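What you see is a predicted model; the values in this text were computed from it and never measured. Numbering of ligands and ligand atoms starts at 1, following listing order.
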Amino acid sequence: MNSRVGAVVPAAGRGERLGGGTPKALRPLAGRPMLLRAVETLLSSTLVSQVVVAAPPTLVDVVGQILGSGVRVVPGGAERVDSVRIALDALDDDIGVVLVHDAARPLTPAKLVDAVATTVLDGHPAVIPVLPLTDTVKEIDAEGRVVRTPPRDTLRAVQTPQGFRRDVLRAAYANRDLPVTDDAGLVEALGVPVTTIPGAEEAFKVTRPADLVLAEALLANSVPRDGQR
Ligand code: CTP
Ligand code: MG
């Protein structure tokens, strides 16, 4: 396996649950776009040597200007899986390890990026950061009746970055029509083992308006780094 690590950042979503008009990736958090924060965190890892961003197709140039010449920007697709596939194809040929990281997780700590990449480089073909759940989860039927209550201590909430050997992720994406909601789901369908490592609370996804309030509050309480929050 080539040990060069690249990252792909799906950022082409509309942010419908967040609302507010502007595509979510460009929504500012304490004055700076979420996507820029996510990309800077990836680039701050000494392990990551290339970043490819899938942007809303009409905003490829705008996103390119925001991120600067060190980041490749490609037009995203209709669904997240399409955006990831397009960005994967734009990685340099010699990238052997891929991190897939949502633009919508702007406060992800750099040490989580390093932990995921290191675990793949240590020989795990697929690695995901996870956290225990706080709410109980029910499985329901089409009528909304409860079918089952899985024991909570066996369940985990899944974050990004998710890390993969590139050949494994490429094979997984050949099956991208499967109804899965994360990249590791496609890898599981191949029968490849997926390793979990501890996630980070700050790596939460900005999905609804209250998440934006939380992210702003966390930034307001953080110690400024290089004069920037
Ligand atoms: N994403 C993407 N291309 C799409 C859809 C989503 O690149 N066609 C990206 C989003 O930009 C985001 C990540 O996938 O960084 C996670 O998706 P989500 O949080 O669902 O973002 P949106 O799809 O933008 O939000 P919503 O589902 O509320 O519209
Ligand atoms: Mg979405």
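- S44 and A110 make their closest contact through OG-CB, 3.6 Å (heavy atoms, listed as atom of the first residue, atom of the second, distance).
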Side-chain donor-acceptor pairs under 3.5 Å in residues 198-220, sequence neighbours left out?
unit_1	atom_1	unit_2	atom_2	d
K205	NZ	T207	OG1	3.0
T207	OG1	K205	O	3.4
D211	OD2	T207	N	2.9
D211	OD2	R208	N	2.7
E216	OE1	A30	N	3.1
E216	OE2	A30	N	3.3

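- Around ligand 1 you find P10, A11, A12, G13, R14, G15, E16, R17, K24, G77, A78, E79, R80, S83, D102, A103, A104, K205, each with a heavy-atom distance below 4.0 Å.
- Between R72 and D92 there is a salt bridge, since at least one side-chain N of the basic residue sits less than 4.0 Å from a carboxylate O of the acidic one.
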(message) Go through it in stages, so that I can follow the logic: the residues are L112 and Q159, the test is side chain to side chain contact (heavy atoms under 4.5 Å, CB included), and I'd like the CA-CA distance, side-chain angles, deciding distance and then a yes or no.
(response) CA-CA 10 Å; L112 184 62; Q159 304 180 317; 4.2 Å; yes
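- Residues satisfying the side-chain contact (heavy atoms from CB on, under 4.5 Å) test with L155, not counting sequence neighbours, are L133, V137, P150.
- Applying the side-chain hydrogen bond (donor to acceptor under 3.5 Å, both in side chains) test to residues at least two apart or on different chains, the pairs with a partner in residues 164-174 are R165-D167, Y173-D183.
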